[in-house]
Amino acid sequence: MLERMIWTLRHRGPDGFGLYQDQRAGLAHARLSIIDLEGGWQPIHNEDRTLWIVFNGEIFNYPELRRQLIDSGHRFATRSDTEVIVHLYEEKGERCLEDLNGQFAMALYDSRARSLFLARDRMGIRPLFYTLHDHRLFFASEIKAILAADPAIERAIDPAVLQEIFTFWSASGEQTVFRGIRQVEPGCWLRLDASGTIRQQRYWEIPFRPDSFADASEDRLAAELRDLLVDAVRLRLRADVPVGAYLSGGLDSSAITSLVHHYTDNDLKTFSVTFSDQVYDEREEQQEMSAFLQTDHHEIRCSHAAIGQAFPRVIRHAETPILRTAPAPLFLLSSLVRENDYKVVLTGEGADEILGGYDIFKEAKVRAFIAARPDSSCRPFLLKRLYPYLALSPARSAEYARRFFDTGASLDDPFYAHRPRWKTTAGTHVFLRDEVLAAAGCSPVEQLEQRWAGRLRGLDYFSRAQFLESRLLLGNYLLSSQGDRMGMAHSIEGRFPFLDHRVVEFACTIPPRLRMKALNEKNILKKAMADILPPAIVRRKKQPYMAPDIPSFFGTQTPEYVSYHLSEEKLMESGLFKPAAVHRLLAKCRKKSRQGFRENMAFVGILSTQILYETFVRNFQADTPAPLPGKRIVISKENERECLKS
Amino acid sequence: MSEIVTTIRKFIFDNFLFDAAEDELGNDDSFLEQGIIDSTGVLELVEWLEETFNISVDDEELIPENLDSVNRLAAYVAGKTS
């Protein structure tokens, strides 16, 4: 069973496999060798072989922790970051997580206490899922490994979570779209003890607090942010393999790339996606930045057809319905990195959430400004400054924009910023069957309100919007569907300096009015980076990363799988969508006219759900494992017998 | 005028009423209030109006009084083409 499970994850770690098994527990690991290439094989154990770990990710401050632990008397068998956790756990138990600067999912098995400890990094960079079945707990980095463990594990779409995804773009909590399969949430740990009791706890939360704003000048804040980012980048270049960088052409990835250039002696390879569709293309800015820093630059050109062609593989890796095709170009980009024999890239992910970059924050600010003087005839025209890059901008007409954005919500509403977006996305519910809509008993927004209203109380509307964007969109979509899954599809590890917890904690202390000064997004970051970036990159209006949605499937040829998955028979089989409504949407898509938000999100969401259903619910078959290359097995029967193979 | 109404009704039905029968759409039903068209859908509607009736819709004319029901649209088109 362990071999079958780990074989499904071989794309995450093709460099070798390790297994541990005793009478109560089994651990398996697929290795992507990045640190301690010779010695870092897993599972790794403590001095007396009573504590075993499998670990996915990186602990960036491991050399410092290692020195402290050696000083405390611990003996190390390897140079790897993973072994540091084992000894630190011996010292501090679950509080070891507080000392880790990294991105990780881990499982620690204590064979004496007969307990299992699962934990995940603060922001949710590396995934970790689990389910309970037949009095056993199964866990893995991807859901497909859990499904491969035992054919009797339930394989079904959870309609309530599907409705959430068709509202927020992602699931909102620990539930996944697969009924009964949960994630360990970002910043949380879980312990299963010998009696079978499960205890879960949050050890870290994004620390937006109303009383925590720094009383410092913009220049001082910018200098402090710069120092933190320099150190966050320095730590993230720690690897025994070369580290590259993604370059989108925007401020965030340019800032990271420039920090690498200015503060390290790393010869930098950069990687970009370009689009044949000019609406989405940022090649000019990417070229400008790579020329400015003289990086060894590589790009992959992404056509509509390439997105359509890759889409089923993207869904197999993402393991969730998605409402945008934006992960697909990143799937193609990670293949380019792999072709260049790189395994690790730095990216600018996270800056928009923590430093105030998104249009949704700008939109909320404009709405609040208008609401303060509802009789003003001039203020509504500010809405026209929103979304200048959209062909069908909701702000082209000030009057329509006013009605669109006017949800009747007051500034005290915990979801003030997000209600217009969620209302637009919920327009896709017209395609969901009544049983799906009735499954949760109340709307996804009402459920979220019950869970999070208390946490958001007392915060200003700007911080509330940032918190929601960080926990929902960043944690459950950008870092997952667009980040980890698209990178690991080709064994590529992303590293995110903006998500160093010290940077996040500092960003939360920047007063909201300075995060976005007037309508100048990421104001402090721009000040922090102004002297090491081309002025045009700093001044450039933010262009969010997007990819063509419906047009990717209706070019000169429509991929055959589209008709297959959206046929009446397949729609009836999944029982999630109204076939007649879907067919009317399909007819509209075939006309190739320009479509609005609702149609684009609905089409991509329905198609991805149908592919997911076919792949994992109706027709899932775990591959038969080939002999595992580089396999090391530890079979422990009360520590009497050990067998090591290579 | 009735020909314009018929053309508009057909367009709305074909493009925005995914889960309703054609006779469920009243000519005075508000597109915004009934959730038939959102603000990006309005711009799709405008592109169609310009192409179908050979008119030009100015940004200042993008207001619900002109565009938010079948009858309002028909009156607006009639005014532009008269």
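A, B, ... follow the sequence lines: proteins, then strands. Residue 1 opens every chain.
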ask   = Given the options A/Lys578, A/Arg598, A/Lys591, which has more heavy-atom pairs under 4.5 Å with chain B than any of the others?
value = A/Arg598

inquiry  = If you count heavy atoms of other groups shown closer than 6.0 angstrom to CD of A/Glu568, is the number above 12?
reply    = no

key: Whether over 12 other heavy atoms sit under 6.0 Å from A/Glu435 CD   = yes

Contact origin within [X] toward chain A - heavy atom pairs under 4.5 Å:
X: B/Glu33; answer: neither
X: B/Leu32; answer: side chain
X: B/Leu45; answer: neither

query = Just checking heavy atoms, which of residues 10-19 of chain B are less than 4.5 Å from chain A?
reply = B/Phe13, B/Asp14, B/Asn15, B/Phe16, B/Leu17, B/Phe18, B/Asp19

ask   = Salt bridge check: are B/Glu44 and A/Lys588 linked by an N-O gap of less than 4.0 Å?
value =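 Judged by the 4.0 Å cut-off on N to carboxylate O distance, B/Glu44 and A/Lys588 do form a salt bridge.
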
